[in-house]
Amino acid sequence: MHSFVSRLLAALILATPLMAQADNPFSFAVIAKPVNATAGAKSVSDAILQTDKDNLAFVLVNGIKADNESCSDALYQERRVLFDRAKNGLIVSLSASDWARCMSARNRSIAIERIARLREMFFTDEFSFGDSKLPLIRQSAIPSFGMYAENMQWRIGEILFATLNLPNNNNNYLNAAGRNSEYEDRQVANADWLKRLFITARSNKLHGIVLFSDANPLAHRAHTSGFFSSEKREGFAEIRRQILQAAKDYHGRILIVHGDSDADRTATRQSIVWKDNIGALRIDPAWTRITVDPAQKQLFSVTAHTRK
C-alpha cells in the first residue's frame with residue numbers, strides 16, 4: 001500500500017504543470033492501428049512523424065498492429081522502438097488484434113500468453129513513451145488489480161483521460177463451458193477502473209472524461225458470431241450499463257474514442273456522435289487530431305483527419 005501511495009503522489013506532483021493548463025485549448029492526436037500487414041510499420045511510422053510536427057499535448061496509439069500481422073515478440077519490439085522515438089508523449093491503448101485475436105500455428109488461441117507479454121513489454125514504466133514524458137497512473141498500482149497495467153489515466157487541465165482494455169471481439173467473451181476467466185476477471189477490473197474514474201471526475205468537478213478503447217461499448221450488437229464470440233451473450237452489456245448510469249450523475253462531457261468499425265459501419269468520418277453528454281468518435285487511418293476547448297459548449301472537436 002505504501003508503494004502505491006508513493007507512486008500516486010509522485011504522479012500527481014509531476015502532473016501539476018499539465019493541470020495548470022485548465023482554461024487553455026489544447027489538442028491531442030490518436031493514431032489508428034494499421035489496416036493490414038502491407039501498411040504495417042510504415043503507416044505507424046509515418047503517422048508518428050506527422051504528429052511529431054504538430055503542437056500536441058500527447059499522442060495515443062489505438063492498436064499496435066493490423067489483424068493480419070504477426071503476434072510475435074519481434075513485431076512488438078519493432079513497434080516499441082517506433083514509439084520510443086516519438087517527439088510527443090505517446091501512450092498505447094490495446095486492440096483485439098494485438099492479443100485477443102492471436103492464434104498459434106495450430107490455430108489455437110494464444111491470447112492469454114500474448115496479453116501477458118504485451119504488459120511486460122509496453123506497460124511497466126510510470127511514464128509515456130516519447131521525448132515528452134507524461135506521468136501515468138496505472139490500475140496495476142492498486143494491489144487488487146496488479147495485472148492490469150494497460151488501464152491508465154492522466155489529466156490535462158480539467159480533462160481526465162484514461163485507457164480501457166475492451167477488445168473488439170465481443171470483449172473476448174468466449175462461448176465455452178465453464179468459467180470464462182479472462183473475460184470475467186477483466187470485467188471486474190474494468191468496472192472498478194470506471195468507478196474510480198467517475199469518482200475522480202465528479203469530486204474534482206472536471207469538465208470532461210475521455211476514454212480510449214478498441215471497441216465502442218455503447219454500440220448495441222444484435223448478435224455476434226465466430227470462434228471468439230457468442231450469440232448467447234453480448235460482451236459489452238455490463239460496461240455499457242455502467243457508463244450510461246455513471247453519465248447520469250456526471251455533469252461534464254464524456255468522449256469515447258475507439259476504432260470499432262465493425263460496430264459503427266455507418267459512422268460519419270471526422271464526426272463525434274453525441275447522445276446527451278456522451279459522445280463517440282471512431283478513429284480511422286491514419287490519425288485524427290482532437291481539440292479540447294473549455295469555451296466551446298461541446299468541449300471536444302475534431303480538427304483534422306489524415307489518411308494515407
Side-chain angles (χ1 to χ4, degrees), residues 25-30 32 60 62-63 93 95-96 151 153 155-171 173 187 190-224 233-284 287-305:
F26 64 90
S27 296
F28 62 93
V30 183
L60 183 127
N62 198 22
S93 183
S95 70
N151 285 346
Q153 63 168 290
R155 179 176 163 185
I156 299 177
E158 298 302 314
I159 310 298
L160 183 64
F161 297 90
T163 58
L164 197 62
N165 190 354
L166 295 174
N168 180 24
N169 65 331
N170 199 32
N171 206 11
Y173 178 80
Q187 187 87 337
N190 283 341
D192 184 82
W193 191 235
L194 279 172
K195 182 179 72 174
R196 291 172 186 271
L197 294 172
F198 277 99
I199 288 174
T200 298
R202 287 196 302 267
S203 61
N204 289 279
K205 296 182 170 57
L206 299 183
H207 297 329
I209 301 173
V210 180
L211 298 175
F212 300 98
S213 63
D214 182 32
N216 178 7
L218 301 183
H220 289 269
R221 292 147 172 94
H223 62 83
T224 57
R233 182 168 180 175
E234 200 264 288
F236 302 99
E238 289 87 349
I239 289 292
R240 178 166 56 249
R241 282 195 292 268
Q242 184 180 2
I243 292 173
L244 293 175
Q245 183 58 48
K248 294 178 182 178
D249 301 321
Y250 176 59
H251 299 297
R253 293 249 167 201
I254 303 161
L255 178 62
I256 298 175
V257 180
H258 64 89
D260 200 344
S261 57
D262 290 342
D264 289 351
R265 293 183 186 276
T266 60
T268 303
R269 289 162 57 83
Q270 305 187 47
S271 176
I272 299 173
V273 179
W274 289 101
K275 184 175 181 181
D276 299 324
N277 63 332
I278 305 178
L281 174 65
R282 189 187 75 199
I283 300 300
D284 294 315
W287 64 279
T288 299
R289 188 176 193 267
I290 302 165
T291 295
V292 181
D293 187 351
Q296 299 300 315
K297 181 180 178 181
Q298 288 195 336
L299 190 59
F300 304 103
S301 61
V302 180
T303 58
H305 184 98

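Along the sequence shown, residues are numbered consecutively beginning with 1. Keep in mind it's a predicted model, so treat the numbers as computed, not measured.
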K.L.:
Give me the ring orientation class for Y250 and F198: parallel if the planes are under 30° apart, tilted from 30 to 60°, perpendicular past 60°.
P.N.:
perpendicular
K.L.:
Rounded to the nearest 0.5 Å, how far apart are NE2 of H207 and CG of D293?
P.N.:
10.5 Å
K.L.:
Where do L299 and P294 come nearest, in terms of heavy atoms and distance?
P.N.:
CD1-CA, 3.7 Å
K.L.:
Have N151 and N165 got a donor and an acceptor in their side chains that come within less than 3.5 Å?
P.N.:
no
K.L.:
How long is the straight-line distance from CG of N277 back to CD1 of I254, given to the nearest 0.5 Å?
P.N.:
4.5 Å
K.L.:
Are L244 and I278 packed together at the side-chain level, in the sense that at least one heavy-atom pair is separated by less than 4.5 angstrom?
P.N.:
yes
K.L.:
Does the side chain to side chain contact (heavy atoms under 4.5 Å, CB included) test come out yes or no for K205 and H251, once each step is laid out?
P.N.:
CA-CA 8 Å; K205 296 182 170 57; H251 299 297; over 6 Å; no
K.L.:
Taking atom NE2 of H258 and atom CG of D214, what is their separation to the nearest 0.5 Å?
P.N.:
10.0 Å
K.L.:
Which distance, rounded to the nearest 0.5 Å, do you find between the CZ of F28 and the CD1 of I156?
P.N.:
8.5 Å
K.L.:
Is the backbone N or O of A191 less than 3.5 Å from a side-chain atom of Q242, with the two atoms forming a donor-acceptor pair by type?
P.N.:
yes
K.L.:
Is the shortest side-chain heavy-atom distance between D260 and L166 below 4.5 Å?
P.N.:
no
K.L.:
How far apart are the closest heavy atoms of L281 and S271, and which atoms are they?
P.N.:
CD1-O, 3.4 Å
K.L.:
Distance check, rounded to the nearest 0.5 Å: D276 atom CG versus R253 atom CZ?
P.N.:
9.0 Å
K.L.:
Looking at every heavy atom in both F236 and P167, which two are closest together, and how far apart are they?
P.N.:
CZ-O, 3.3 Å
K.L.:
Flag the pair L206 / R155 as yes when at least one side-chain heavy-atom distance between them is below 4.5 Å, and no otherwise.
P.N.:
yes
K.L.:
Start with the C-alpha gap between I256 and L164, add the side-chain angles, then the distance that decides, and say whether side chain to side chain contact (heavy atoms under 4.5 Å, CB included) holds.
P.N.:
CA-CA 10 Å; I256 298 175; L164 197 62; over 6 Å; no
K.L.:
Apply side chain to side chain contact (heavy atoms under 4.5 Å, CB included) to residues D284 and R282 and explain how you reach the verdict.
P.N.:
CA-CA 6 Å; D284 294 315; R282 189 187 75 199; 3.0 Å; yes
K.L.:
Going through the distances and angles, do V292 and Q296 end up as a side chain to side chain contact (heavy atoms under 4.5 Å, CB included)?
P.N.:
CA-CA 8 Å; V292 181; Q296 299 300 315; over 6 Å; no
K.L.:
Any heavy-atom pair between the side chains of L60 and T163 that's under 4.5 Å?
P.N.:
yes
K.L.:
State, to 0.1 Å, how close G235 and N171 come at their nearest heavy-atom pair, and which atoms those are.
P.N.:
O-ND2, 3.0 Å
K.L.:
Can you see which heavy atom on A280 is nearest to which on L255, and at what distance?
P.N.:
N-CD1, 4.3 Å
K.L.:
For residues R240 and L218, report the shortest heavy-atom separation together with the two atoms involved.
P.N.:
CD-O, 3.6 Å
K.L.:
Hey, what do you get for OG (S213) to CG (N168), rounding to the nearest 0.5 Å?
P.N.:
9.0 Å
